[in-house]
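Chain naming here is simple, since letters A, B, ... match the order of the sequence lines and numbering starts at 1 in each. Note: hydrogens, waters and symmetry copies are ignored here, and every other heavy atom, side chains too, is used.
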2 protein chains.
Amino acid sequence: MEALTRVAALLADRTRAAFCGALLDGRAWTANELAAHARVAPSTASEHLTRLIEAGLLVEYRQGRHRYVSLAGPHVAELLEAMTSFAGPGPQPRGLRAASASEAMARGRTCYDHLAGKLGVALKSGLLELGVVNGDLAITEPGLVWLKELGFEPSKRQVVRACVDWTERVPHLAGAAGAHLCQVFFERGWIKRIGTIRAVVLTPAGEQGWRELGLT
Amino acid sequence: MEALTRVAALLADRTRAAFCGALLDGRAWTANELAAHARVAPSTASEHLTRLIEAGLLVEYRQGRHRYVSLAGPHVAELLEAMTSFAGPGPQPRGLRAASASEAMARGRTCYDHLAGKLGVALKSGLLELGVVNGDLAITEPGLVWLKELGFEPSKRQVVRACVDWTERVPHLAGAAGAHLCQVFFERGWIKRIGTIRAVVLTPAGEQGWRELGLT
DNA sequence: CGGACGTTTCGGTGCCGGCCGAAGTGTCCC
DNA sequence: GGGACACTTCGGCCGGCACCGAAACGTCCG
């Protein structure tokens, strides 16, 4: 109860929440980058970062005159996600299956360590059709085999989780499997970052790769 | 991000958090009861309740001159739980299997709709030994049969969840199964509320019933 | 009807916390 | 070494919000 207010107060501030939102791309940002992103003075940002780090929400590693910070782990991303999706007007399935694949995937992004946005939703739909996951977004047995063929190694972390993205209101694929697929796609050059922040696009190689995997 | 700060700000206040903590017993409280519990004036409590209700965290039903409020559902309890357990110093398994059963169960309470405190931990340990759940607190196949014999009907709600209690730092059994078992125990007179708030004790009938089920 | 009680509305007060700018520290690079 | 740069510390300012008491409203009950 006491503990609850501590966490909540940290996230109740507009600026600190903006920091966390930016860090949801899973990368490390410098203090100045975050200050510019949230439109506050560097001194203000510095104080906020100290508090977030002391609370265990962020971790830092210093390199020369830079102070890099990032989320302390997937559990933080999951907490942020849980709180955010709670506030929203609830999941609206949005039943449109529309549009050609490449069109639908046009705008994607990362959500901490997995794919989100339209790209993430397309991935989820593809995995659903392939039978890798079922309608409740739970892994199936053939799905686990399928993942292992892509180099996936089960660990303590939950294999699949449903994540409701901040902008799209559609649940997509998170958890260890979501993170692994995202990593594999980066390694194969199937997706790449574009612009400055979390945006991600499917490359031509990626379109072909997805087709070969049977993902729409 | 905007949405995040809205929820967080609501829970960042000491008084509102105290309300939610009290309501975690799953029952409906009146405005005055909550005001007294949090040591604020009734007028102050009234304003807080209005805000919590508008945000969808609580629901009210009015009866005469009383305004009863309760948590809006399990999803709220789960959010509170997620935020609270985050703030703590992390789960410390606390390997002591000590003490006679009735002694260890002496102090129990409800956590929204399931058992918590030492009683909840004892229940979890018993179910673990029975093989109803495994070490990761996931339901097993024989466990599901066992539950169905106690009248459990699977629904959309997740069958078992791990819940870290506010006071004990040990994970215990929540989710649909935890709620069902708690309800059955109440119906059978195995547990009963004591004192004014969330405290629960195992009755003599309950001790016998638990033994017959094989729960320590 | 009238009094007790639970709740609500409204001003007014006080404090907490986020913000900035200025000055200081440490690092990099020419 | 010296200047540019990233970050930090410290005062001081200011707005927002939690709080209360007083008064009003509605319900219950004798």
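Atom CZ of A:Arg6 is separated from atom OG1 of B:Thr84 by 10.0 Å, given to the nearest 0.5 angstrom. Note that CD of B:Glu60 and OG1 of B:Thr50 are 7.5 Å apart. Values are rounded to the nearest 0.5 Å. Between atom CG of residue A:Leu11 and atom CG of residue B:Leu11 there is a gap of 10.5 Å, rounded to the nearest 0.5 Å.
Contacts classified as salt bridge (charged side-chain N to carboxylate O under 4.0 Å, His left out) and involving residues 37-51 of chain B (residues at least two apart or in different chains) are not found.
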Could you walk me through whether B:Leu147 and B:Leu181 pass side chain to side chain contact (heavy atoms under 4.5 Å, CB included), step by step?
CA-CA 8 Å; B:Leu147 281 172; B:Leu181 287 176; 4.2 Å; yes
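In this structure, A:Thr15 reaches the C:dC19 phosphate: one of its side-chain N or O atoms is under 4.0 Å from OP1 or OP2. Remark: B:Asn32 is not in phosphate contact with C:dC5, judged by side-chain N or O atoms under 4.0 Å from OP1 or OP2. Within the structure, a side-chain polar atom (N or O) of B:Ser46 is placed less than 4.0 Å from OP1 or OP2 of C:dT8.
Residues A:Trp29 and A:Phe19 keep their aromatic ring centres 6.0 Å or farther apart.
At distances below 3.5 Å, at least one donor-acceptor pair connects side-chain atoms of B:Ser85 with backbone N or O atoms of B:Glu81.
Distances were taken from every side-chain heavy atom of B:Pro42 (C-beta onward) to each of C:dC19, C:dT7, C:dG11; the shortest belongs to C:dT7.
If you find the closest nucleotide of DNA chain C to B:Leu49 and to A:Ala41, the one lying nearer the 5' end belongs to B:Leu49.
Side chains of B:Leu115 and B:Leu173 form no contact here, defined as non-hydrogen atoms less than 4.5 Å apart.
Residue B:Ile53 contributes atom CD1, which lies 11 Å from atom P of C:dT7 at whole-angstrom precision. If you measure from atom CD of A:Glu47 to atom C1' of C:dA22, you get 14 Å, rounded to the nearest angstrom.
Surrounding CD of A:Glu153 are at most 12 heavy atoms belonging to other residues, nucleotides or ligands under 6.0 Å away.
Counting non-hydrogen atoms under 4.0 angstrom, B:Thr50 reaches nothing in the nucleic acid.
Below the 3.5 angstrom threshold, one finds a donor paired with an acceptor across the side chain of A:Ser43 and the base of C:dG21.
Heavy-atom distances under 4.0 Å link DNA chain C to A:Gly64, A:Arg65 of residues 54-69 of chain A, given in residue order.
Chain B approaches DNA chain D over the interval D:dA18 to D:dC28, counting the first and last nucleotide 5' to 3' with an atom under 4.0 Å from its heavy atoms.
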